[in-house]
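Structure first, commentary second.
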Amino acid sequence: MKERTYITTTLPYVNAEPHIGFAVEIIRADIIARYRRALGEEVFFNTGTDEHGQKIYQKALELGLEPQAYVDQLAEKFKAILKPLGISEDINFVRTTDPAHIASAQAFWRTCDQNGFIYKKNYQTKYCIGCELEKTDSELVNGKCPDHPNLAIELRDEENYFFKFPAFGDKLLALYKERPDFVIPAERQKEIKALVERGLQDFSISRLKTKMPWGIAVPTDPEHVMYVWFDALVNYISVLSWPCLARAESEGGPNDLDNFNHWWLETGGAIQYCGKDNLRQQTAMWQAMLMAAGLSPSKQIVIDGFITSGGQKMSKSLGNVINPLEVVEKYDTDALRYFVAGELAMFEDSDFTWERFHEAYNAKLANGLGNLVSRVMKMAENYLAGPVEITKKEFPADYVKFLSEFEIGKAVDIVWQKISTLDLKIQQTQPFKLIKENKEEAVKIVTELVQGVGEIAKMLEPIMSTTAEKINQAIANNKMPAPLFVRKD
RNA sequence: CGCGGGGUAGAGCACUGGUAGCUCGUCAGGCUCAUAACCUGAAGGUAGCGGGUUCGAUUCCCGCCUCCGCAACCA
């Protein structure tokens, strides 16, 4: 049977334009998706947009738009960013406002409900009279609204549906124990394990429709809508058409269950990329939700760090926001992909600044990769009778090892080590001199160099597919290509 | 005592109980196939601070300082 991989990003919340963090996450996931495809695996790659909830509702009201009209606009913007980022064209794009997703989320609710893990209870919200808004604990400072420290916070009762999270504490711990690489990197698994060990609390999964109508209707109660991320997390299986309503016999063909079996049960679930702010939701809450519905857990959760700029969180007020599309415009898609793959820390916070980007571009892409391809292919064009056929078609073992551990940066290092090796080989063997004295030997060396460049192209396919293709073309035509990356000052 | 991560050359990072490494940047030399690219060499760090264990610690333990993120009904 052909190996299969289901990999997905977190669905970004569309209360703002696409930002660099999402670009980084989806590029990494895309590299893994392309890599697995290159290994000959069948790959299902998913992304989309998370479109419900209070923030979006408010944003739409502010803009004087219907929520649906607002999210339609944003979803288009998120779709439009895929191509400039070089994302696989066969990626699935789900919107949480898609009718199929809504039906699936409702079925998921019903299933959890029928299994006894959802109940209704009174819930006290904290309300600031000054702001005329509900406040979360994290918004309060010393139990007071920071904007109205002289006013007492009022407690208001509200009925909410809750999810019986503590019922799954032991099962979650068993899952972490059984699968030490369930959460990547391991420190994050330690972190969530400690959190679960400290004890869980039920969490609210609905909102009163009268207060916040922009959500998926709770199927058992018309007065409530689902709390946004309860619905959003279900996307990972709604895209597989769970709950897989069997097709009528008269319609023939496989029923929808096959899709879920094919991509969830038989693959061992999705590999889910997410930011570290999503640790709880994805590695604990979502897994508990799956258990509540009687489904098997995800395969792996890969936790990214945050992208900072100048050591600080990007924010409009600081003016340090880096727009991924601007990077692509000023440099290009593969330059951005290189930077994401090779220069940023995989699992920790790391800094994205124009200065760093510019230096890395010149040093690694223009001087390193681009220049090597030019010098080798120039000699090949001049000295060789015809194109070299690349014989090595496998990825190196350490490259494979690193990518299987999602260590994209280390895999990139292997490529650049290879570039250095070839540059050094040219210096040491000097085929450009040798050609005048010992043509046969020079031809042999240049052929080896082209082989080496071919291996580099192979390793670059998942990371920078356009560049890899340009190199392969140059080899096939035995011609020096136009500079792959023009040096910028 | 809430949880987690970090503090190592100008910058970004790595390894390690026993002369501290890599990439980028800087400086000098070499080469000329190549995108003033490439190769070689050099300068540059008392490894946040203090204490402990040890024959010996950057590496293990304790304390402190400091930076970052999280702190569950915000997504």
Side-chain angles (χ1 to χ4, degrees), chain A residues 10-16 50 52-56 123-126 134-139 158 160-163 165 185 187-188 190-192 194-195 197-198 200-207 227-230 232-233 275-281 284-285 303 305-306 308 311-313 342-345 347-351 353 355-356 358-360 362-383 409-410 413 416-417 419-420 422-435 442 445-446 449 480 482-489:
Chain A
T10 303
L11 304 193
Y13 197 63
V14 295
N15 65 340
D50 179 3
H52 291 118
Q54 188 168 4
K55 281 194 179 174
I56 286 168
Y123 160 63
Q124 286 193 319
T125 62
K126 291 168 181 147
E134 281 179 17
K135 295 285 171 177
T136 64
D137 283 340
S138 54
E139 284 172 320
E158 174 181 331
N160 267 197
Y161 285 94
F162 277 73
F163 179 80
F165 196 23
E187 300 89 76
R188 295 287 171 214
K190 239 174 75 186
E191 187 177 345
I192 193 65
L195 186 136
E197 278 170 346
R198 262 176 268 136
L200 303 173
Q201 289 174 25
D202 295 342
F203 55 81
S204 164
I205 56 173
S206 76
R207 287 289 179 277
Y227 183 47
V228 55
W229 55 258
F230 188 89
L233 287 167
K276 66 181 183 181
D277 53 342
N278 248 275
L279 180 71
R280 275 187 189 79
Q281 284 89 324
M285 293 172 173
I303 313 283
F306 286 158
T308 56
Q312 291 177 293
K313 224 170 173 173
E343 299 287 331
L344 296 178
F347 307 117
E348 286 172 35
D349 292 359
S350 52
D351 218 39
T353 60
E355 290 74 17
R356 271 192 78 186
H358 186 262
E359 279 192 1
N362 278 337
K364 301 296 182 66
L365 295 178
N367 300 352
L369 175 61
N371 182 57
L372 175 73
V373 171
S374 291
R375 64 196 303 211
V376 169
M377 290 316 299
K378 179 67 174 183
M379 288 189 282
E381 182 181 335
N382 289 346
Y383 310 159
K410 291 183 180 170
D413 285 344
W416 262 261
Q417 279 162 20
I419 290 170
S420 290
L422 295 182
D423 271 329
L424 182 57
K425 179 169 177 160
I426 295 171
Q427 184 64 28
Q428 286 173 339
T429 59
Q430 307 208 324
F432 45 87
K433 272 186 186 165
L434 200 59
I435 190 73
I445 289 167
V446 171
L449 290 169
M480 181 174 81
L484 297 177
F485 299 95
V486 179
R487 196 183 157 81
K488 294 183 196 281
D489 292 308

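The chains referred to below are lettered A, B, ... by the order of the sequence lines, with proteins before strands, and numbering in each begins at 1.
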Rounding to an integer number of angstrom, what distance separates [N] and [M] when you compare their [atom1] atoms?
N: rU35(B); M: rC67(B); atom1: P; answer: 49 Å
N: rG7(B); M: rG48(B); atom1: P; answer: 8 Å
N: rA47(B); M: rU19(B); atom1: C1'; answer: 15 Å
N: rG69(B); M: rA37(B); atom1: P; answer: 38 Å
N: rU16(B); M: rA57(B); atom1: C1'; answer: 10 Å
N: rG52(B); M: rC27(B); atom1: P; answer: 45 Å
N: rU54(B); M: rG18(B); atom1: C1'; answer: 12 Å
N: rG21(B); M: rA14(B); atom1: C1'; answer: 7 Å

Determine whether a donor-acceptor pair (N or O, by modelled atom type, separation under 3.5 Å) exists between the side chain of [X] and the backbone of [Y].
X: E348(A); Y: G305(A); answer: no
X: H358(A); Y: T353(A); answer: no
X: S206(A); Y: N160(A); answer: no

Heavy atoms from C-beta onward define the side chain here; which of [options] lies closest to that of [X]?
X: N371(A); options: rA72(B), rA37(B), rU35(B); answer: rA37(B)
X: M379(A); options: rA37(B), rG69(B), rC33(B); answer: rC33(B)
X: R280(A); options: rG4(B), rU35(B), rA71(B); answer: rA71(B)
X: N367(A); options: rU40(B), rA72(B), rC38(B); answer: rC38(B)

Classify the nucleic acid contact of [X] as base, sugar-phosphate or nothing, counting any heavy atom under 4.0 Å across all strands shown.
X: I426(A); answer: base
X: K378(A); answer: sugar-phosphate
X: L484(A); answer: base
X: Y13(A); answer: sugar-phosphate
X: D277(A); answer: base

Which heavy atom in [X] sits nearest to a heavy atom in [Y], and how many Å separate them?
X: V228(A); Y: G53(A); answer: CB-CA, 3.9 Å
X: I303(A); Y: F347(A); answer: O-CD2, 3.5 Å
X: L434(A); Y: I445(A); answer: CD2-CD1, 3.7 Å

N/O-N/O pairs, protein side and nucleotides 20-23 of chain B side, under 3.5 Å:
| unit_1 | atom_1 | unit_2 | atom_2 | d |
| --- | --- | --- | --- | --- |
| rU23(B) | O2' | K364(A) | NZ | 2.9 |

Are [X] and [Y] close enough that some pair of their side-chain heavy atoms sits under 4.5 Å apart?
X: L484(A); Y: L365(A); value: no
X: F165(A); Y: Q201(A); value: no
X: I56(A); Y: V14(A); value: yes
X: E197(A); Y: L195(A); value: no
X: E343(A); Y: K364(A); value: yes

Between E191(A) and K276(A), does any NZ, NE, NH1 or NH2 come within less than 4.0 Å of an OD or OE carboxylate oxygen?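 Looking at E191(A) together with K276(A), the answer is no, because their closest N to O distance does not fall below 4.0 Å.
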
What string of B, S and - do you get for nucleotides 27-32 of chain B 5' to 3' if you count protein non-hydrogen atoms under 4.0 Å? ---BSS

Nearest-Å distance, [atom1] ([X]) to [atom2] ([N])?
X: F163(A); N: rA72(B); atom1: CZ; atom2: C1'; value: 14 Å
X: E197(A); N: rC3(B); atom1: CD; atom2: P; value: 13 Å
X: L365(A); N: rU35(B); atom1: CG; atom2: C1'; value: 12 Å
X: E191(A); N: rC68(B); atom1: CD; atom2: P; value: 18 Å
X: H358(A); N: rA11(B); atom1: NE2; atom2: P; value: 20 Å
X: R487(A); N: rG25(B); atom1: CZ; atom2: P; value: 8 Å
X: D423(A); N: rC39(B); atom1: CG; atom2: C1'; value: 8 Å
X: R375(A); N: rC38(B); atom1: CZ; atom2: P; value: 8 Å

Does K190(A) NZ have over 12 foreign heavy atoms under 6.0 Å away? no

Cation over ring face, K55(A) and Y13(A), 6.0 Å, 45°: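 Checked: cation-pi criterion not met.
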
Once side chain to side chain donor-acceptor pair (under 3.5 Å) is applied, what residue pairs with a partner in residues 366-380 of chain A remain, sequence neighbours excluded?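 Every side chain to side chain donor-acceptor pair (under 3.5 Å) pair that includes a residue of residues 366-380 of chain A, provided the two are not neighbours, is N367(A)-R487(A), R375(A)-D423(A).
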
Please list, for nucleotides 5-10 of chain B, all pairs of protein and nucleotide N/O atoms separated by less than 3.5 Å.
none

Based on Watson-Crick and G-U pairs with both distances under 3.5 Å, what dot-bracket line describes RNA chain B 5' to 3', crossing pairs as [ ] and inter-strand pairs as |? .((((((..((((....[..)))).(((((.......))))).....(((((..]....))))))))))).....

Do any side-chain nitrogens or oxygens of R356(A) fall under 4.0 Å of OP1 or OP2 in rG12(B)?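 R356(A) to rG12(B) OP1/OP2: no side-chain N or O under 4.0 Å.
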
Of A363(A) and V376(A), the one whose closest nucleotide on RNA chain B sits nearer the 5' end is A363(A)

On RNA chain B, nearest-nucleotide positions of L200(A) versus G370(A): which is more 5'?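 Upstream on the strand: G370(A).
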
Excluding sequence neighbours, so at least two apart, what forms salt bridge (charged side-chain N to carboxylate O under 4.0 Å, His left out) with K433(A)?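 Here no residue qualifies.
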
